[in-house]
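The block underneath contains the structure these notes are about, expressed in structure tokens.
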Protein chains: 2
Amino acid sequence: MLKPPFPDPRPQVAQSALFQGLPPEAMDALCAAAAFKEVPRASYFLYQGEPATVFYILLQGRVRLTQVTPEGHQVIVTVLGPGDGLGIIVALSQTNYPVSAEAIEDSTALAWTAATIQQSMLEYPQLALNGMNLLARRFVELQDRFRELATERVERRVARAVLRLVRQAGKRTPEGVLIDMPLSRQDLAEMTGTTLYTVSRILSDWEQKGLVSTGRERVVLRKSHELVIIAEDLPEPNPTKS
Amino acid sequence: MLKPPFPDPRPQVAQSALFQGLPPEAMDALCAAAAFKEVPRASYFLYQGEPATVFYILLQGRVRLTQVTPEGHQVIVTVLGPGDGLGIIVALSQTNYPVSAEAIEDSTALAWTAATIQQSMLEYPQLALNGMNLLARRFVELQDRFRELATERVERRVARAVLRLVRQAGKRTPEGVLIDMPLSRQDLAEMTGTTLYTVSRILSDWEQKGLVSTGRERVVLRKSHELVIIAEDLPEPNPTKS
DNA sequence: CGCGTTCTTGACTAGAATCAATGCATGTGG
DNA sequence: CCACATGCATTGATTCTAGTCAAGAACGCG
């Protein structure tokens, strides 16, 4: 973890929702107080259960938040990208991190200690409001996924997960829209509360129907419209006798 | 919705986590700006999908937050009690309420508009920190339940829900610990992502084993230890050959 | 006392988990 | 450059949890 000086992060930082509407001197102060952290692929920013002491803003890369049950089952709570906050929990409470954060690509982030961030929030209240905003957004999304998990079938949950990932990390290619990150069947299973076998069957099925094409840790969406139909359970467009 | 004057809420308000550590003049200002709202059992504070404009702190009663899917399935996201914040989302964003809030007992609350609460947070940053704190607590709880739903069997989920409710609204009686609110099988089903039939079977089973006694919209926990064993899947205390 | 809820129970079904075997890529080291 | 080890993916067979549907019982309210 470097102390300043390091490449001036302000251009990137200015984008992040956390810093919107802050007076310039606040930005300067925060950047000065920040540390710079690089985490290579497959390494961790922080571990579930450790005392929450550091708060990050992701600059580059992608990070996935996971929880493990006492029995060892893993669940992927979310995947974060540039601009997202990591360990928001820290800003306030004397708790432990509720999740682990693993870089699934080489990543860089700015880091602050809990004390610093709290201090700054008291000094620049807009920062606290922005923090709440970030947290609230994530909260609402989690609520939606909770409801999904409680009420919907596996296939639809997987469809939604794929659409979410496309929105988050989609990249146009001649083939279709590629989900631009390593994404195994196991990963999808852990995002949707199912097993890797079931995900594999579902993707095979979709592939046969031409909706996606898949490879090792790779998913390309070809007919997004039809996937949306599955995700939302719209009536089939072709009129069939039942 | 009354404007002041109404019974001075300060004694109760002072308890709420939202107001900890605020200077006294802040408390005065907030109480002066508050409106007082009474909602009888089975009526709603707010509805999912409406623009989020009002923020509440519950003074008395119990409120349940529900989400409905487009298909009409309902999910109970949480049950709130006195001191909890309702519509925290409001504090910041131009969004709609993500859930509906129904009073399951006659309830009273203090109410602020979005503008007021934002204003106050800018003026008294500690208020914003406290708000984040509330939100973060709920966030972590939701994450845990999400993981439960993704990885655990129905019986265990129901066991956990019952234990949570006991913690939240438990009341000692000669019979055991009563969950002191109306609680139907349907409600438990909507909290745990299952059906009322399955909940009924599970409770019947537990009742036969003497773990609980139940009635119409009533659950009394008799042997909490054994329910914990189910909830945590500890090994059975009696050594059995398999 | 009748009516509307809520709850119970049984029979049946289906969706998805589990288990097991095998096939493919990918990267490694001889 | 090929053989191999490893990790990821596919597929089939089987099991089982929990959902669905249907009928009726019990409770509490007006």
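As the structure is a computational prediction, the values presented were derived from the model and not from experiment. In what follows, chains carry the letters A, B, and so on, assigned in the order in which the sequence lines appear, proteins first and then strands, with residues in each chain numbered from 1.
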Euclidean distance, atom [atom1] of residue [X] to atom [atom2] of [N] [Å, nearest integer]:
X	N	atom1	atom2	result
A/Glu207	D/dT11	CD	C1'	14 Å
A/Glu152	D/dG19	CD	C1'	16 Å
A/Leu203	D/dT11	CG	C1'	14 Å
A/Arg218	C/dA25	CZ	P	13 Å
A/Leu196	D/dG12	CG	C1'	15 Å
A/Glu190	D/dC8	CD	P	11 Å
B/His73	D/dA18	NE2	C1'	14 Å
A/Arg153	C/dT13	CZ	P	16 Å

So does [X] get a side-chain nitrogen or oxygen closer than 4.0 Å to the phosphate oxygens (OP1/OP2) of [N]?
X	N	result
B/Ser200	C/dC7	no
A/Thr214	D/dA9	no
A/Thr194	C/dA16	no
B/Thr198	D/dA18	no
A/Thr195	C/dA17	yes

| said: Would you say B/Arg41 and B/Ser107 are linked by a side-chain donor-acceptor pair, where the criterion is simply a distance under 3.5 Å? | reply: no
| How does protein reach along nucleotides 22-30 of chain D, written 5' to 3' as B (base within reach of a heavy atom under 4.0 Å), S (only sugar-phosphate), or - (no contact)? | B----BS--
| query | Any ion pair linking A/Lys209 and A/Asp205 (charged N to carboxylate O, less than 4.0 Å)? | reply | yes
| Would you call B/Arg156-B/Glu148 a salt bridge at under 4.0 Å N-O? |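 Judged by the 4.0 Å cut-off on N to carboxylate O distance, B/Arg156 and B/Glu148 do not form a salt bridge.
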| request: Taking only the side-chain heavy atoms of A/Ser184 (C-beta and beyond), determine which of D/dA18, D/dC8, D/dT20 contains the nearest atom. | output: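 Comparing D/dA18, D/dC8, D/dT20 against the side chain of A/Ser184, the answer is D/dC8.
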| remark: The nucleotide from D/dC8, C/dG15, C/dT6 with an atom nearest the side chain of B/Glu217 is C/dT6
| field | Parallel, tilted or perpendicular: ring planes of B/Phe45 versus B/Tyr56, cut at 30 and 60 degrees | value | perpendicular
| request: Just do the side chain to side chain donor-acceptor pair (under 3.5 Å) check on A/Glu38 and A/Thr108 with the steps written out, would you? | output: CA-CA 4 Å; A/Glu38 294 191 67; A/Thr108 58; over 6 Å; no
| task | Go through the steps to decide whether B/Ile104 and B/Asp187 satisfy the test side-chain contact (heavy atoms from CB on, under 4.5 Å), and finish with yes or no. | result | CA-CA 11 Å; B/Ile104 57 177; B/Asp187 291 337; over 6 Å; no
| task | Kindly say whether, by distance alone, the side chain of B/Arg201 makes a donor-acceptor pair under 3.5 Å with the base of D/dG19? | result |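 Counting by modelled atom types and ignoring angles, no donor-acceptor contact under 3.5 Å is found here.
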| task | Determine, step by step, whether A/Asn96 and A/Glu50 satisfy the side-chain contact (heavy atoms from CB on, under 4.5 Å) criterion, reporting the C-alpha distance in whole Å, the side-chain angles of both residues, the deciding distance to 0.1 Å, and the verdict. | result | CA-CA 5 Å; A/Asn96 298 335; A/Glu50 279 183 346; 6.0 Å; no
| Rounded to 10 degrees, the angle between the two terminal axes of the helix from C/dC1-D/dG30 to C/dG30-D/dC1, each from five pairs |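 Comparing the axis at each end, I get an angle of 40°.
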| said: Using a 3.5 Å distance criterion without hydrogens, assess whether the side chain of A/Arg160 forms a donor-acceptor pair with backbone atoms of A/Ala231. | reply: yes
| request: Tell me whether the centres of the aromatic rings in A/Tyr97 and A/Tyr47 are closer together than 6.0 Å. | output: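 No, the ring centres sit 6.0 Å or more apart.
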